[in-house]
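What follows is one structure encoded as structure tokens, with my remarks underneath.
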Amino acid sequence: MVIEVLPKKGIWAVGLLRSPSLETLMSSTVLNPIVHADQFQKWNGRAVADPFAIYREGAWYLFFELFQKRSGIAVIGASRSTNLQDWEPLGIVLRQQHHLSYP
């Protein structure tokens, strides 16, 4: 599994690609955002970047930088999936007065 940051309409999004080889992944032009800022509108999401995933107790948790519209800084957001296709936005999981970057 490779998690990659992909541009979505000029805004950064996170995509997930599967392949039997790294060579095939490197030549892929498939854009399939699984997490994007549109899912985080109620948290003022403008863009997502720098993803990191962990698997725990039957679910995948994706943590990422969530850039916010008004503040101009990033917080750490999270989404959850049990099938790697449908992702539930969990919201902001870490916020500071300064810009946060993950990992």
Side-chain angles (χ1 to χ4, degrees):
M1 173 176 67
V2 172
I3 297 173
E4 190 159 352
V5 177
L6 303 168
K8 178 186 177 279
K9 298 179 194 171
I11 298 173
W12 292 100
V14 176
L16 179 66
L17 303 173
R18 291 184 189 194
S19 175
S21 73
L22 183 58
E23 188 174 293
T24 305
L25 279 174
M26 299 303 278
S27 65
S28 176
T29 58
V30 175
L31 296 179
N32 62 344
I34 57 171
V35 175
H36 48 86
D38 294 347
Q39 298 167 316
F40 288 84
Q41 289 302 307
K42 71 179 183 181
W43 295 282
N44 296 315
R46 180 174 55 90
V48 296
D50 300 335
F52 179 80
I54 61 169
Y55 185 77
R56 183 169 174 104
E57 298 178 3
W60 284 96
Y61 293 87
L62 185 69
F63 299 91
F64 46 85
E65 225 175 318
L66 175 62
F67 293 90
Q68 295 191 295
K69 293 176 186 172
R70 295 186 192 123
S71 69
I73 64 170
V75 296
I76 303 300
S79 288
R80 177 183 182 275
S81 176
T82 55
N83 62 13
L84 293 176
Q85 294 176 9
D86 304 307
W87 290 84
E88 169 193 6
L90 298 177
I92 296 170
V93 295
L94 184 59
R95 179 192 316 263
Q96 295 291 322
Q97 292 180 342
H98 55 275
H99 181 91
L100 295 174
S101 182
Y102 201 85

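Since this is a predicted model, take the numbers as computed values, not measurements.
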Note: Pro51 and Phe64 closest approach over all heavy atoms is CA-CB, 4.1 Å
Taking the six-membered ring for Trp, are Trp43 and Phe40 parallel (under 30°), tilted (30 to 60°) or perpendicular (over 60°)?
tilted
For Ala59, is there any backbone N or O sitting under 3.5 Å from a side-chain donor or acceptor partner on Thr82?
no
Got a second to check how far Leu66's CG is from Asp50's CG, nearest 0.5 Å?
12.0 Å
Counting only pairs under 3.5 Å, give me each side-chain donor-acceptor contact of residues 87-95, with atom names and distances, residues two or more places apart or in other chains.
unit_1 : atom_1 : unit_2 : atom_2 : d
Trp87  : NE1    : Leu84  : O      : 3.4

Does a side-chain heavy-atom distance below 4.5 Å link Lys69 with Gln41?
yes
Between CZ on residue Phe67 and CG on residue Leu100, distance to nearest 0.5 Å
10.5 Å
Distance col, row Tyr61:OH vs Ser81:OG, nearest 0.5 angstrom, shows 10.5 Å
Heavy atoms only: give me the nearest Val48-Ala37 pair and the separation to one decimal.
CG1-N, 4.3 Å
